[in-house]
Amino acid sequence: MTILMTVLGIVVFAIGLLFSIAWHELGHLSTAKLFGIRVPQYMVGFGPTLWSRHKGETEYGIKAIPMGGYIRMIGMFPPGDDGKIAARSTSPWRSMIEDARSAAFEELKPGDETRLFYARKPWKRVIVMFAGPFMNLVLAVAIFLGVMMTFGINTQTTTVGKVSDCVIQQSENRDTCKPTDQAAPAKAAGLKAGDKIVAFNGDRTQDWGTLQKHIRETIGPATITVERAGKQLDLKADLIENQVSETDGEGGYVEGQYVVAGFLGFSPASGIVEQSFGQSVDRMGDMMQSGVESLIALPSKVPDLWDAAFGDGERKQDSPMGVVGAARVSGDIVNLDIPPENQVAMFLFLVAGFNLSLFLFNMLPLLPLDGGHIAGALWESVRRHLARLFKRPDPGPFDVAKLMPVAYVVAGIFVCFTLLVLIADVVNPVRIT
């Protein structure tokens with residue numbers, strides 16, 4: 001049964017993955033057609049074609065390997081300096097450029113001279129190339145906001161989960177009290193597990209982050225208003241100074257870092273809490289920032305990935321994860337002993353996170369990524385504006401094909417990194433429990 005449920009989870013993720021890829025390519029396709037660029041192919045996946053059909057001038061299809069997708073646009077690169085579309089050279093680097101240029105003009109038909117990608121104004125090319133990643137961003141935002149505002153997210157609440165018996169400095173890493181330890185202020189005040197703290201010194205507390213801030217800023221007497229068995233009670237506590245874990249400002253903790261602050265002595269309970277629109281937007285901003293930081297930190301994670309794949313290193317929870325790893329996590333979600341609605345929410349968050357990663361990754365200004373083509377179009381626009389400003393001849397389209405040798409190097413690095421992540425996902429996967 002466990003194997004069957006795992007397979008079901010992987011299949012559901014695969015469907016979400018295919019939809020995300022198709023959605024991305026739809027952005028490119030719709031804007032290309034809007035600007036009159038001819039698109040011979042719209043494909044989801046790579047490798048052998050499993051299914052396809054022609055509609056109008058475009059072939060739509062699904063291929064065997066769901067690791068990406070593409071649309072083919074006529075005239076991605078301008079002709080060479082001699083005005084020819086194809087030429088041959090004995091230089092391997094030059095051959096790459098010529099092959100890329102030649103491929104951009106395959107299936108050229110009479111009348112296509114006015115429907116070439118490179119002949120469009122730079123701002124139109126930027127829109128076409130940005131539309132794909134933007135579709136992933138729209139989908140990620142829609143899913144994140146939808147789940148957080150309608151279902152909620154697992155977060156710490158103002159309800160008491162556990163009351164500490166004594167005062168222990170956080171850096172001591174122990175939970176057992178010694179005879180010499182002072183009683184925790186929360187226990188002395190009569191706070192009990194299950195109490196919901198609704199006010200602190202008269203100030204209403206809507207979330208754990210606000211309550212935690214009030215507690216840490218207070219040393220001495222305080223009035224804690226709680227809801228217990230349908231009634232409100234005012235408890236008197238005498239908060240003391242203690243060494244506690246440093247917070248990130250949102251209720252979370254910074255591992256291994258400590259500060260001296262006010263101490264009450266209880267742990268908050270966690271629960272599914274619906275978020276307001278403002279809270280959801282704030283969390284989306286944090287996710288975006290975290291995604292950018294993770295992308296920048298990718299090179300530094302290669303040694304740990306290598307140890308996890310080929311050594312006895314531990315696979316960290318924040319380790320980069322590929323499609324196979326995400327599919328395995330999807331299978332784990334189905335087997336978790338949690339309510340079905342929680343499983344659905346986790347699935348949706350996984351798909352949304354994948355789409356956010358697609359957006360950020362594709363915006364890197366490197367060929368063959370969308371961001372590389374955007375950078376080329378922007379550079380062309382700058383060159384042409386400068387030429388007009390200084391009354392110089394129009395430099396013409398920027399020949400992105402000349403960067404193809406660099407693109408092959410970048411693609412090679414991406415392929416190697418993807419293979420490393422794939423091996424780690426197979427032999428030492430990230431697991432959730």
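The residues of the chain are indexed from 1 along the displayed sequence.
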Quiz item: Do Phe266 and Trp208 have ring centroids that are under 6.0 Å from one another?
Solution: yes
Quiz item: Heavy-atom count around Glu314 CD within 6.0 Å, excluding the residue itself: above 12?
Solution: no
Quiz item: Would Leu239 and Phe263 satisfy side chain to side chain contact (heavy atoms under 4.5 Å, CB included), going step by step from the backbone distance to the final call?
Solution: CA-CA 6 Å; Leu239 278 67; Phe263 178 77; over 6 Å; no
Practice problem: Report, as yes or no, whether the 6.0 Å neighbourhood of atom NZ on Lys196 holds more than 12 heavy atoms from other residues, nucleotides or ligands. | Solution: no
Quiz prompt | Greater than 12 external heavy atoms within 6.0 Å of Gln206's CD | solution = no
Quiz item: From Tyr118 OH over to His373 NE2, what is the distance, rounded to the nearest 0.5 angstrom?
Solution: 16.0 Å
Exercise. Can you spot which of Ile333, Val323, Val329 makes a side chain to side chain contact (heavy atoms under 4.5 Å, CB included) with Phe13?
Key: Val323
Exercise. Measure the CG-OG distance between Leu356 and Ser20 for me, rounded to the nearest 0.5 Å.
Key: 11.5 Å
Practice problem: Assess whether atom CG of Asp312 is packed by more than 12 heavy atoms of other residues, nucleotides or ligands within 6.0 Å. | Solution: no
Practice problem: Calculate, to the nearest 0.5 Å, the distance between atoms CZ and CD1 belonging to Phe347 and Ile15 respectively. | Solution: 10.5 Å
Quiz item: Does the gap between the ring centers of Phe349 and Phe151 come in under 6.0 Å?
Solution: no
Quiz prompt | Which atom of Lys316 lies closest to which atom of Asp304, heavy atoms considered | solution = NZ-OD2, 3.2 Å
Practice problem: Give a yes or no answer on whether the side chain of Arg315 reaches the backbone of Asn428 with a donor-acceptor pair at less than 3.5 Å. | Solution: yes
Quiz item: If you count the non-hydrogen atoms of other residues, nucleotides and ligands that lie under 6.0 Å from NZ in Lys33, is the total more than 12?
Solution: yes
